[in-house]
Amino acid sequence: MKLVTCGLPYANGKLHIGHMRTYIPADVYVRFLRMMNEKVIFICGSDCHGTPIVVNAEREGLKPEELVEKYHEHFLRVFKELAVEFDFFGKTTEKYHHERTREIVNRLIENGYVYSKEIELAYCESCKRFLPDRYVEGICPYCKTPARGDECDQGCGRHLEPGEILEPRCKICGNRAVFKKRTHYFFKLTAFQEFLKEYLSRVSGTENAINYAKEWVNNLRDWCITRDLEWGVKFPLDESLVLYVWVDAPIGYISFTEQLTNDWKKIWIDGEAEIIHFIGLDIAYHHCIFWPSMLKAAGYALPSAVVASGMVKVEGKTFSKSRGYVVWVEDEYLKASLNPDYLRYYIVNYTSHEKDLNFSWDTFKEKVNNEIIATFGNFLFRILSFAWKNFGKIKMEVDGEIMEKISMTRERIVEAIKKWEFKVATDAIMELASFGNSYFQNSKPWDLIKYDKDKAMKVVANALQLVKALVIFSYPVMPKSMEKIAKSIGLDVRTCSIDDVMKIDDEVVISKPEIPFEKIEDEEIEKLKKSLFDRFAEKPEISIEEFRKLDIRIGKILDAKKIEKSKKLLKLLVDIGDEKRQLVAGIAENHRPEDLIGKLVVVIANLKPAKIMGVESKGMILAADVGGKAVLLVPEKEVAAGTKVK
RNA sequence: GCCGGGGUAGCCUAGCUGGUUGGGGCGACGGACUCAUAAUCCGUAGGUCGCGGGUUCAAAUCCCGCCCCCGGCACCA
């Protein structure tokens with residue numbers, strides 16, 4: 001038995017193509033396994049806790065449970081449309097999930113892996129509460145830049161443990177927070193270093209995730225697993241605290257299994273099933289470090305594989321919701337009435353599972369029109385049409401050569417799927433379709449039919465066997481379209497085993513075939529491209545007053561030096577008229593210090609000072625960002641340092 | 001700088017536990033066919049396998065050095 005899970009989507013936003021890079025291949029994998037006669041359970045659900053949900057709900061004027069429900073419904077809808085069929089799709093807000101989570105945490109406690117520690121935490125006196133995670137804004141203790149409570153998101157990027165942040169402010173009311181002592185609870189992650197090393201050396205899955213994890217193992221810290229929040233799973237030893245969302249989220253894999261089947265103990269306690277986690281690379285830490293340690297500590301079964309998908313790019317750019325490099329599944333893809341199977345094929349076939357996948361509308365159109373339609377769909381349709389028009393009923397006599405080809409393709413597919421090589425598997429399908437076209441073309445049944453009907457029928461029989469094989473092979477990837485086609489040859493593909501491709505019926509009755517796939521027109525793609533590209537440059541409108549707040553002037557670079565041990569940073573001394581400023585600029589990669597001295601540049605003089613690598617920076621110089629390389633802005637004529645820029 | 005992943009024809013990519021003439025796909029060009037959603041089939045052109053050394057009878061594949069790209073972190077005020 002196998003249990004396949006997908007990383008839980010976070011219930012504070014809609015699904016985009018980046019999400020689908022995990023869910024679609026997982027669904028394809030599960031469907032193939034079932035066709036290969038494996039018993040499989042496929043589990044997922046909404047991840048509903050954590051601070052961002054509370055903050056977003058407040059912003060939208062909703063209760064957290066309402067916000068969560070809204071996105072939960074969205075997930076169910078989109079997964080259904082895309083034919084991603086989980087056996088159970090739960091919610092971490094449910095009672096059963098809270099119970100299972102508390103049971104596991106109690107085991108961690110009983111087994112001695114949880115300890116309390118008094119730490120100093122930010123507390124907002126006007127809101128009368130402790131400020132966990134992203135409720136708090138302050139200064140990073142490591143690099144002294146403004147940061148969020150849980151990580152230094154603008155500066156050094158470090159994960160901050162609760163209470164570490166300096167000068168905390170309440171994000172909700174903006175007031176200065178005070179530090180108060182508070183007892184929190186820690187999981188002894190450091191006790192699992194040896195275990196993790198051993199575990200990571202034997203766990204299966206994709207190399208990308210495991211390699212990262214092997215590096216992380218050498219630098220573990222105990223993990224604060226409680227938060228001062230009301231929204232979440234109550235911590236058993238202190239009900240005024242909830243568990244950190246990353247404690248309870250993966251436990252959903254267990255609690256959801258429990259809802260589905262009484263066999264859950266065999267899977268999660270007795271270790272009688274293979275547990276396979278499909279995740280995005282961004283949550284590899286949680287699945288390769290935190291999660292196995294927790295399971296081990298609580299005496300549960302360990303996952304046998306972590307399969308991480310690579311990142312998604314949009315039109316060649318790094319995926320970014322805020323910058324608009326994103327494709328929304330419901331509002332864009334589905335709204336355009338595009339066949340969901342096209343997206344499934346694209347995601348699974350574009351490149352290998354662990355490499356970065358580029359989603360480009362032009363490539364999408366080409367793959368759909370050339371591969372799915374011209375090669376694959378056209379083969380199905382030309383055979384079915386020819387068979388229907390000329391025979392209606394075909395006596396099946398299939399050549400050994402054809403069966404051999406089908407058998408080889410089956411082997412290739414099965415081997416590839418076992419290794420999560422979805423591209424290899426789907427390429428094999430396309431190749432078989434191509435073989436079919438070639439066979440049919442070279443056999444010229446449209447000529448044969450004029451003088452040797454029997455011979456023509458034999459060609460059609462061979463081709464029909466290929467059609468049947470293609471329908472079965474590609475069903476896991478394109479289930480909706482294949483169900484439709486299967487009907488015209490009287491096949492119920494949902495109940496087929498992959499071995500059925502080797503079975504030859506006595507005769508096949510053809511009903512009138514329908515065109516299997518609609519072509520994608522240029523105008524359609526242009527529209528989709530336009531709405532995407534229009535978004536790229538969008539920034540909120542600002543008033544002239546807001547603009548006037550900027551103190552922009554011409555500065556003259558008096559001195560420039562490289563900052564030690566830094567690759568990108570230069571320390572500059574700039575004359576801005578009434579004073580000489582020191583500032584740090586990330587331009588060292590394509591500017592030599594000696595070339596900069598004497599140069600006029602544009603400076604923002606009233607930017608809040610910050611320290612970067614221990615060097616104080618008071619201001620910023622402006623440059624065009626050309627693929628990450630800085631091209632400095634300079635005045636067109638010689639002007640005095642300090643000249644205002646409007 | 002450290003860590004990870006890469007650099008193969010105009011573009012995407014397989015091969016990378018060394019061994020027959022480095023495979024595909026898209027695009028380009030020429031031809032054929034008409035059953036088929038102007039789909040399909042056959043053929044042609046196009047490669048210093050990032051650069052330089054080394055090991056070997058034999059290297060895209062192994063070793064050493066270097067360059068470049070991507071991602072993460074240190075550092076883009």
Side-chain angles (χ1 to χ4, degrees), chain A residues 142-143 145-146 154-159 207-216 218 281-282 284-285 310-311 313 316 318 349-352 354-356 358 360 362-363 366-367 369-390 421 423-424 427 430-431 433-434 436-449 456 459-460 463 513-520 563-570 583-589 603-623 625 627-630:
Chain A
Y142 300 101
C143 70
T145 63
Q154 295 174 57
C156 64
R158 253 179 265 246
H159 168 77
E207 282 187 3
N208 51 359
I210 317 266
N211 283 348
Y212 272 118
K214 282 180 180 163
E215 190 59 33
W216 293 325
N218 298 316
L281 198 53
D282 52 334
Y285 196 98
M311 298 286 105
K313 292 182 172 218
T318 301
N349 183 265
Y350 180 86
T351 188
S352 74
E354 56 206 289
K355 285 193 178 163
D356 287 354
N358 182 26
S360 142
D362 284 327
T363 313
E366 276 171 22
K367 282 184 85 70
N369 287 351
N370 293 339
E371 298 171 27
I372 299 180
I373 297 176
T375 303
F376 178 82
N378 185 241
F379 175 69
L380 302 182
F381 188 62
R382 74 193 291 201
I383 302 309
L384 294 176
S385 298
F386 191 86
W388 179 72
K389 279 182 193 163
N390 293 294
E421 288 173 349
K423 179 169 175 56
V424 174
D427 279 348
M430 278 304 143
E431 204 212 293
S434 194
N437 274 323
S438 180
Y439 167 77
F440 199 67
Q441 188 85 7
N442 296 332
S443 305
K444 295 188 171 67
W446 49 91
D447 284 342
L448 289 175
I449 195 120
V459 170
V460 172
E514 286 174 54
I515 287 183
F517 302 104
E518 291 299 328
K519 234 176 140 164
I520 297 180
I563 291 176
E564 290 264 325
K565 284 192 286 184
S566 125
K567 188 166 127 194
K568 297 180 182 171
L569 300 182
L570 290 182
L583 55 85
V584 175
I587 57 172
E589 282 182 302
V603 179
I604 299 197
N606 61 338
L607 199 68
K608 202 167 160 185
K611 266 193 178 177
I612 300 146
M613 283 200 76
V615 180
E616 170 135 83
S617 181
K618 297 166 77 176
M620 177 162 102
I621 66 170
L622 298 185
D625 180 355
K629 301 223 162 158

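The pairing partner recorded for G4(B) is C70(B), the criterion being a Watson-Crick or G-U wobble arrangement whose two distances lie under 3.5 angstrom. Base pairing of U56(B): no nucleotide in any strand meets the Watson-Crick or G-U wobble criterion (both distances under 3.5 Å). Taking a pair to require two hydrogen-bonding distances under 3.5 Å in either a Watson-Crick or a G-U wobble arrangement, U20(B) remains unpaired.
Considering only side-chain N and O atoms, Lys389(A) lies under 4.0 angstrom from the phosphate OP1 or OP2 of A36(B). Note on Thr375(A): every side-chain N or O is 4.0 Å or more away from OP1 and OP2 of G25(B). Contact annotation: Lys519(A) side-chain N/O to A39(B) OP1/OP2 distance is under 4.0 Å.
Using a 30° and 60° split on the angle between ring planes, Phe386(A) and Phe440(A) fall in the perpendicular class, above 60°.
When the C1' atom is used for both C35(B) and G30(B), the distance is 25 Å, rounded to whole Å. Rounded to the nearest Å, the gap between the P atom of U21(B) and that of C64(B) is 28 Å.
U40(B) atom C1' lies 11 Å from atom CZ of Phe379(A), rounded to whole Å. If you measure from atom CZ of Arg382(A) to atom P of C35(B), you get 10 Å, rounded to the nearest angstrom. The CG-P distance, from Leu380(A) to U40(B), rounds to 13 Å in whole Å. C35(B) atom P lies 16 Å from atom CD1 of Ile515(A), rounded to whole Å. As a whole-Å value, the separation of Asn370(A) CG from G24(B) C1' is 15 Å. Tyr350(A) has its OH atom 11 Å from the P atom of A14(B), to the nearest Å. Note: CG (Asp447(A)) to P (C41(B)) measures 17 Å, nearest angstrom. Rounded to whole angstrom, the span from the CZ atom of Phe517(A) across to the P atom of A39(B) amounts to 16 Å.
The base of C35(B) sits within donor-acceptor range of the side chain of Gln441(A), with an N or O pair under 3.5 Å.
No side-chain donor-acceptor contact under 3.5 Å links Asn369(A) to the backbone of Lys519(A).
Nucleic acid contact for Ser434(A): sugar-phosphate only, since backbone atoms but no base atoms lie under 4.0 Å from a heavy atom of the residue.
Of the candidate nucleotides C26(B), C70(B), A36(B), C26(B) has the atom lying nearest to any side-chain atom of Glu366(A). Distances from the side chain of Lys313(A) to the nucleotides U40(B), C41(B), C70(B) place C70(B) closest. For Trp446(A), whose side chain is taken as the heavy atoms from C-beta onward, the closest listed nucleotide among G27(B), U34(B), A36(B) is U34(B).
Under the stacking definition used here (centres under 5.5 Å, planes under 30°), the residue Phe386(A) fails to qualify as stacked on the base of C35(B).
Among residues two or more places apart in sequence or in another chain, the side chain to side chain donor-acceptor pair (under 3.5 Å) test is passed with Tyr350(A) by none.
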